[in-house]
Amino acid sequence: MAQTIFDAAGGQEAFLKLAHAWHARCLADAVVSHAFSHGYHPQHTERLAAYWAEALGGPPTYSTSLGDETTVTRMHSGNGEHLEMDERAQVCFAQAIDDAGLPDDPRLRSTLEAYFRWATRRLARYPYSPDDVPVGIPLARWSWDGPRDH
């Protein structure tokens, strides 16, 4: 059985470090920080780490106790189009990989960056209203080869 992206990155602790590093980068960015200007959940980074970890081959912590893709998508919907913010968030993510000290593995890095670009596009699909998001979307998962069917 091939190693998961979750395991290659270093497991749950690595995703927690990545979520903290990404969040810090976002808060420091003049454009991306706007997304957090109205507040955020006190366990934002822990929840984000659980979401990313599950999406990338880790345990189902997010979907068994925190929500599904509908939950995540609704949180990111109804804010209009924000291409510049999304692009800058992707740059913050690439930098956070280094900040978090993830393994220096080109395949891992390119896979993580591709996942984040894909996930960002998915979360931007409903710019007008959270009510447009369908109910019951399963958590989106990503493999070394790209998106996985549910």
Side-chain angles (χ1 to χ4, degrees), residues 4-6 8-9 12 14-100 102 105-150:
T4 65
I5 300 162
F6 171 80
Q12 192 62 43
F15 281 94
L16 188 55
K17 288 178 183 177
L18 180 58
H20 279 292
W22 180 77
H23 193 230
R25 288 270 180 184
C26 289
L27 291 176
D29 184 280
V31 173
V32 183
S33 63
H34 177 72
F36 299 97
S37 65
H38 302 293
Y40 46 89
H41 193 280
Q43 277 76 47
H44 175 261
T45 53
E46 292 82 2
R47 295 163 66 94
L48 180 60
Y51 175 79
W52 286 343
E54 183 172 343
L56 295 164
T61 305
Y62 191 89
S63 63
T64 59
S65 61
L66 299 169
D68 60 8
E69 196 71 24
T70 297
T71 305
V72 175
T73 304
R74 284 187 175 158
M75 280 189 277
H76 293 87
S77 297
N79 300 307
E81 295 182 5
H82 39 74
L83 295 175
E84 180 185 8
M85 183 184 304
D86 292 348
E87 289 170 3
R88 289 175 72 144
Q90 292 171 36
V91 170
C92 289
F93 184 82
Q95 294 168 333
I97 292 170
D98 294 328
D99 297 345
L102 268 59
D105 175 343
R107 181 177 182 223
L108 174 63
R109 180 183 201 90
S110 67
T111 300
L112 289 170
E113 290 177 4
Y115 162 74
F116 193 81
R117 281 190 305 276
W118 175 78
T120 301
R121 284 192 305 272
R122 284 179 56 87
L123 293 176
R125 290 182 300 179
Y126 303 96
Y128 305 112
S129 174
D131 296 333
D132 295 338
V133 180
V135 174
I137 304 171
L139 194 125
R141 300 180 193 282
W142 187 268
S143 73
W144 291 106
D145 299 319
R148 287 184 16 209
D149 292 332
H150 301 292

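In this chain, numbering begins with 1 at the start of the sequence shown. For the numbers below, each heavy atom of this structure counts, side chains included, while hydrogens, waters and symmetry mates do not.
In this structure the side chain of L112 reaches within 4.5 angstrom of the side chain of L102, judged on heavy atoms. At a threshold of 4.5 Å between non-hydrogen side-chain atoms, the residues W142 and F116 do not count as touching. You'll find the side chain of I5 reaches within 4.5 Å of the side chain of L108, heavy atoms only. Side chains of T4 and L56 form no contact here, defined as non-hydrogen atoms less than 4.5 Å apart.
Side-chain atoms of S63 never come within 3.5 Å of backbone atoms of D68 as a donor-acceptor pair (strictly under, hydrogens ignored). Between the side chain of W22 and the backbone N or O of A89, at least one donor-acceptor pair lies under 3.5 Å.
Within the structure, salt bridge (charged side-chain N to carboxylate O under 4.0 Å, His left out) contacts touching residues 36-51 (residues at least two apart or in different chains) do not occur. Applying the salt bridge (charged side-chain N to carboxylate O under 4.0 Å, His left out) definition to pairs two or more places apart or across chains, those involving residues 17-30 are R25-D99, D29-R88.
The salt bridge (Lys or Arg N to Asp or Glu O under 4.0 Å) search around D98 returns R109, not counting sequence neighbours. Shown here are the salt bridge (Lys or Arg N to Asp or Glu O under 4.0 Å) partners of E54, two or more places apart in sequence or in another chain: R141. Take H41 and apply the ring-ring contact (aromatic ring centres under 6.0 Å, His included) test, not counting sequence neighbours, and it matches no residue. Contacts of W144 classified as ring-ring contact (aromatic ring centres under 6.0 Å, His included), with partners at least two apart in sequence or in another chain: none.
The shortest heavy-atom contact between W118 and A140 is CH2-CB, 3.4 Å. Heavy atoms only, all atoms of each residue included: A9 and A14 are closest at O-CB, 3.1 Å. Nearest heavy atom pair, residue T61 against residue S65, reads O-OG, 2.7 Å. The two residues G136 and T70 come nearest to each other via the heavy atoms N-OG1, 3.1 Å.
A donor-acceptor pair shorter than 3.5 Å cannot be found between the side chains of E69 and Y62.
For the atom pair CG (L16) and CG (L48), the distance works out to 9.5 Å, reported to the nearest 0.5 Å. Of the inter-residue distances, the one linking M85 atom CE with S33 atom OG reads 8.0 Å to the nearest 0.5 angstrom.
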Apply side chain to side chain contact (heavy atoms under 4.5 Å, CB included) to residues V32 and E84 and explain how you reach the verdict.
CA-CA 9 Å; V32 183; E84 180 185 8; over 6 Å; no
L66 vs Y51, test: side chain to side chain contact (heavy atoms under 4.5 Å, CB included). Steps then yes/no.
CA-CA 9 Å; L66 299 169; Y51 175 79; over 6 Å; no
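Using bins of under 30°, 30° to 60° and over 60° for the plane-to-plane angle, the ring pair Y40/H23 lands in the perpendicular bin.
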